[in-house]
Amino acid sequence: MFSSVLIANRGEIAVRVMKTAKRLGLRTIAVYSEADAGAMHVRMADEAYPIGPAAARESYLVIEKIIAVAKQAGAEAIHPGYGFLSERAEFAEACAEAGIVFVGPPASAIRAMGLKDGAKALMQKAGVPVVPGYHGANQDPKFLKEKAYEVGYPVLIKAVAGGGGKGMKRVDKAMDFDEALASAQREAQGAFGDPRVLIEKYVLSPRHIEIQVFGDTQGNVVHLFERDCSLQRRHQKVIEEAPAPGMPAAMREAMGRAAVEAAKAVGYVGAGTVEFIADGSNGLDPTKFWFMEMNTRLQVEHPVTEAITGQDLVEWQLRVAAGEPLPLMQDSLAIHGHAVEARLYAEDPEKGFLPSTGTLHALEFGSAEGVRIDTGVEEGAEVSPYYDPMIAKVIAHGATRDEALDRLGQALAGTVVAGPRTNVTFLKALTEAEGFRAGDFDTGFIDRNVEALGAVPQPMDAKAAAVGGLAILQRQMQRLWRNPSHTDGLSPWSIMSADGFALSESRPAQRIDMVIDGERVPGLVQFVEGLPVVEVDGERVSILRQWRGYTGYLETFVHDNDPRHYPPDVKIVSVPGRVFVIRNGRQTEVRAFDPLDVDLDHLDGGGSVKAPMHGKVVQVFVEAGQQVAKGDRVAVIEAMKMEHTLLAPSDGVVTSVSVTAGEQVAEGAPVAAIEAAQDKAA
Ligand code: ADP
Ligand code: ADP
Ligand code: MG
C-alpha cells in the first residue's frame with residue numbers, strides 16, 4: 001500500500017475518502033478552490049493546497065494544477081471521488097505520466113465507457129442487453145427526429161457525454177421533438193462541452209437498478225449486488241436502496257453476470273457501477289432489463305452497498321489501486337439486511353426544487369440506530385452556487401426494509417437546517433409514502449406524487465411566523481433592557497419606542513408588519529402583564545413567565561435561541577436581521593418589515609420576473625410590448641448546469657426586458673417586467 005493520497009475533490013466525498021485513508025494510515029492531501037478555503041475537507045486533511053478560483057473549470061477540473069500539487073506534495077496516489085475529473089481518461093493518463101497511482105480504472109476502460117453511444121455499441125457486442133434506440137454518429141436534427149419516430153414515442157434524448165441526468169429530455173410526441181432536442185443539445189454543450197445526443201426508447205414503468213462491480217489487477221471481477229435508484233426527479237437520484245425491493249433471485253443472478261461481463265469486456269479494475277433500466281410494469285422480470293451506462297468511478301450511493309455487505313468500498317479501491325487482489329471473492333459476499341440513502345439537498349421543493357444557496361446558520365442531523373451521515377459541511381459553512389448543493393447523505397441500515405426506512409425517517413425528522421431551504425420534509429414524506437413503502441414504484445413515482453409529497457407551494461406556517469415575530473420583539477426588548485436610553489437601534493416597528501416595555505394591557509393590540517419568506521404579512525402584538533403576545537393569522541404566541549421561588553414570577557427576556565421557552569416542536573435560529581423558525585422540519589424566515597429597506601424590492605412580486613438564482617441567461621423569449629399569457633416562457637436560465645425556464649406570472653404586457661442571452665445574472669436580478677392584465681384595468 002502507498003503511504004499518501006491526494007483527494008482531487010471536495011465536499012462529502014473528499015471527507016469520506018479521507019476517513020478511510022486515515023484509518024489505513026495514509027497521509028491525506030486536499031486541494032481546494034477559493035470558495036472552499038475553510039471547508040471541512042481542507043481542515044480534515046493532513047495537508048491542503050489551493051488550486052484556484054471558485055469556478056470548477058478553473059480549479060477542480062484543471063488537470064495540470066492537480067498534478068502539480070500532487071508532485072509538490074509527494075502524493076503517491078490520487079483519488080478522484082465522483083464528478084469532476086473522476087471519469088476523465090486524460091486525468092488517469094496524466095497521473096500515470098507523473099508516476100502517480102490513479103485510484104480508478106485504466107484510462108482505456110474509462111474511455112470505452114465514457115460516451116454512452118460507444119458504451120452501448122460495445123455492450124451490444126459483448127452480449128449485454130441494451131435499450132433499443134439510435135446511438136449513431138448522424139446528428140442532423142431531421143434525421144434524429146426520423147429515428148425517434150422509428151423507435152416510437154415516448155423516447156428519451158440523451159447527451160452522449162451525459163451524466164447526472166443533465167442533457168436528458170423525455171419526448172412524448174413528435175410535435176415536441178425539435179424543441180426538446182435543441183434544449184438537450186444546449187444543456188449537453190454547456191455541461192459537457194459536447195452537444196451530441198442519442199435517442200432511446202423510453203422504457204415504461206422504469207426501475208433503475210444498478211450493479212456495483214469491482215475488479216483487480218489480477219483479472220478478478222466480482223459484483224456486490226444491486227442498488228435500486230428508482231426514486232428520481234429529473235432523472236436524478238433522490239433515494240437509493242439495497243437490495244432492490246421485489247428482486248427475484250434469478251434476476252439478481254442474471255444482472256450480476258451481465259455486469260461482470262460488461263466490466264470484463266473493458267478490462268475493468270477498481271470500483272464501477274453498471275446501470276440498467278428494468279421494466280417494472282409486471283414486477284421485475286429476469287428477461288426485462290437493459291444496459292444504460294457504466295459509471296467508471298465510486299458512486300454517490302455506494303454507502304448502501306457498504307451497509308449491506310459490511311465492506312468499505314474506498315478501502316477496496318485503495319487496495320486494488322495498490323495492486324492487491326480483491327479483499328473478497330464472489331462466494332464470500334452476502335447481503336445483510338437492507339439499507340436506504342437519502343440525498344439531503346439545499347433546494348426548495350415548494351418552488352420547483354430550485355437550488356437554494358447561502359450560509360448554513362444551523363445544521364444538525366437527527367440520530368437513530370444504524371444511521372450514518374456523510375457530509376462535507378457543518379454549521380456556519382456556505383452552500384455556494386458553484387457546486388452541487390448536496391448538504392449530506394443520510395444512510396440507514398436495518399434488518400428489514402421497513403426498519404431501514406423507519407430509521408431513515410427518524411433521522412430526517414431530527415434534522416434541522418436553517419438558512420438555505422432543503423428537501424428534508426420531502427425526503428421524510430418519501431420514507432412514509434404508501435406506494436414506495438409497499439415496494440410498488442418506478443422512476444415516475446415522485447412526479448406522480450409531488451402534491452402528496454408536499455413539493456408544491458404550501459401556505460404560510462402562521463404559528464412559526466408568530467414565533468419568529470416574537471423572537472424579533474424579544475431581541476429588541478433585550479437591547480432596550482440592557483440600554484434603556486438607546487432607542488435609535490430599534491426597529492421601525494417602534495412599538496417599543498419611548499415607553500418601551502412599560503406598555504400596558506390598557507393599550508390595544510398594535511399592528512406590526514413582518515416579512516415572512518419574502519412576503520409582507522401583517523401581525524398583531526399586545527402586551528399582557530408586560531409581556532408581548534404576537535398573533536399572525538389567528539395563531540397566538542407569547543413569552544412564558546418563569547417562577548423564581550419566593551421572589552415570585554420573574555419576567556425574563558429569554559435569550560435568543562433558548563428553546564425552553566418555545567413549543568418543543570419549534571426551533572429558532574436568530575441571525576442579524578432575521579429569524580429562522582423551523583417547525584416540523586419546515587423553515588419559515590421572519591423579518592421585521594422595514595419600509596426603508598431597499599433590499600425588499602422583490603416584495604412587489606406580482607408582475608416582475610426575477611432570476612431565482614445565480615446563473616447564465618441562455619435564451620430570452622419576450623420583448624418589450626409583447627402580450628403574454630400566464631405560464632408563457634419568458635427566459636431560460638442555466639444554473640448548476642441545468643436549465644430553468646422562467647414563466648410569466650400572469651397575463652399581461654411585457655413592459656421591459658432587462659437581460660440578454662449570454663449574460664450572467666445574480667440571484668434576484670430583474671429579468672423582465674410584466675404589467676398584469678388586471679393592473680391595467682384597475
Ligand atoms: P451517481 O449515480 O453516482 O449518483 P450521478 O450521475 O448522479 O451519479 O453523478 C454523481 C455526481 O457527479 C453528481 O454530482 C453529478 O453532478 C456529477 N457528474 C456525473 N457525471 C458527470 C460528468 N460527466 N461531468 C461532471 N459531473 C458529473
Ligand atoms: P446519467 O448519465 O445522467 O446518469 P442515465 O443514462 O444513467 O444518465 O439515465 C439517468 C436516468 O434516466 C435513469 O436512472 C433512468 O431513470 C432514466 N432513464 C434513462 N434511460 C431511460 C430509458 N431508456 N427509459 C426510461 N428511463 C430512462
Ligand atoms: Mg446514470
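Just so you know, ligand 1 is whichever comes first in the structure, and atom 1 is the first atom listed for that ligand. In this text the structure is predicted, and so the values were computed from the model without any measurement.
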For this session: Kindly compute the distance separating CD (Q232) from NE2 (H208), expressed to the nearest 0.5 Å.
Result: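 Rounded to the nearest 0.5 Å, the CD-NE2 separation comes to 6.5 Å.
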Exercise. What is the distance from atom OG of S33 to atom CZ of R10, rounded to the nearest 0.5 Å?
Worked result: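 Output value for this atom pair is 6.5 Å.
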For this session: Would you mind naming the N, O or S atom of E275 nearest to the Mg ion (ligand 3)?
Result: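 The E275 atom nearest to the Mg ion (ligand 3), restricting to N, O or S, is OE1.
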For this session: Taking the Mg ion (ligand 3) as the reference point, name the nearest N/O/S atom of E293.
Result: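 This residue's closest N, O or S atom turns out to be OE2.
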Below 3.5 angstrom, do we get any N/O pair linking [X] and ligand 2?
X: K201; result: yes
X: G164; result: yes
X: P206; result: no

For this session: Please examine the side chains of Q317 and R297, heavy atoms only from C-beta on, and report whether any two atoms are closer than 4.5 Å.
Result: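 In short, these two side chains do not touch, never coming nearer than 4.5 Å.
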Candidate with minimal heavy-atom separation from [atom], of [options]:
atom: atom 19 (C) of ligand 2; options: M292, E210, E293, M294; value: M292
atom: atom 9 (O) of ligand 2; options: H235, M168, K166; value: M168
atom: atom 11 (C) of ligand 2; options: R234, Q236, Q232; value: Q232

For this session: For the pair K616 and E638, find out whether any cationic side-chain nitrogen is under 4.0 Å from an anionic carboxylate oxygen.
Result: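 Looking at E638 together with K616, the answer is no, because their closest N to O distance does not fall below 4.0 Å.
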Exercise. Given that the side chain starts at C-beta and the backbone is N, CA, C, O, which of these parts of V203 lies under 4.0 Å from ligand 2, counting heavy atoms, or is it both or neither?
Worked result: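 V203 to ligand 2: contacts from backbone and side chain alike.
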Problem set entry | K116 and ligand 2 - part of the residue with a heavy-atom distance under 4.0 Å |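 K116 to ligand 2: side-chain contact only, backbone stays beyond 4.0 Å.
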Problem set entry | Contact list for residues 302-314, test side-chain hydrogen bond (donor to acceptor under 3.5 Å, both in side chains), sequence neighbours left out |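 Applying side-chain hydrogen bond (donor to acceptor under 3.5 Å, both in side chains) to every pair that reaches into residues 302-314, excluding sequence neighbours, yields R16-H302, R16-E306, R16-D312, T20-D312, R23-D312, R227-T305, E306-R372, Q311-W316.
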For this session: Flag E210 as yes if one of its N/O/S atoms falls below 2.8 Å of the Mg ion (ligand 3), otherwise no.
Result: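 Here the distance criterion (N, O or S atom, under 2.8 Å) is not met by E210, so no.
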For residues 241-256, which side-chain N or O atoms pair as donor and acceptor with protein atoms under 3.5 Å away, sequence neighbours left out?
| unit_1 | atom_1 | unit_2 | atom_2 | d |
| --- | --- | --- | --- | --- |
| E241 | OE1 | H338 | NE2 | 2.7 |
| E241 | OE1 | R401 | NE | 2.7 |
| E241 | OE2 | R401 | NH2 | 3.1 |
| R252 | NE | E226 | OE1 | 2.8 |
| R252 | NE | E226 | OE2 | 3.4 |
| R252 | NH2 | E226 | OE2 | 2.8 |

Would you mind running through ligand 2 and noting each atom that sits below 4.0 Å from a heavy atom of [X]?
X: V131; result: 23 (N)
X: L156; result: 18 (N), 19 (C), 20 (N), 21 (C), 22 (C), 27 (C)
X: H208; result: 13 (C), 14 (O)
X: G162; result: 2 (O)

Exercise. In terms of the angle between their ring planes, are F436 and F445 parallel, tilted or perpendicular, with boundaries placed at 30° and 60°?
Worked result: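 Judged by the thresholds at 30° and 60°, the geometry between F436 and F445 is tilted.
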For this session: Could you check D388 against R343 for salt bridge (charged side-chain N to carboxylate O under 4.0 Å, His left out), going step by step and ending with a plain yes or no?
Result: CA-CA 11 Å; D388 190 86; R343 300 188 186 193; over 6 Å; no
Problem set entry | is_close_aromatic(F353, Y345), centroid dist under 6.0 Å |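 No, the ring centres sit 6.0 Å or more apart.
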Exercise. Can the ring centroids of F177 and Y149 be said to lie less than 6.0 angstrom from one another?
Worked result: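 No; Y149 has its ring centre 6.0 Å or more from that of F177.
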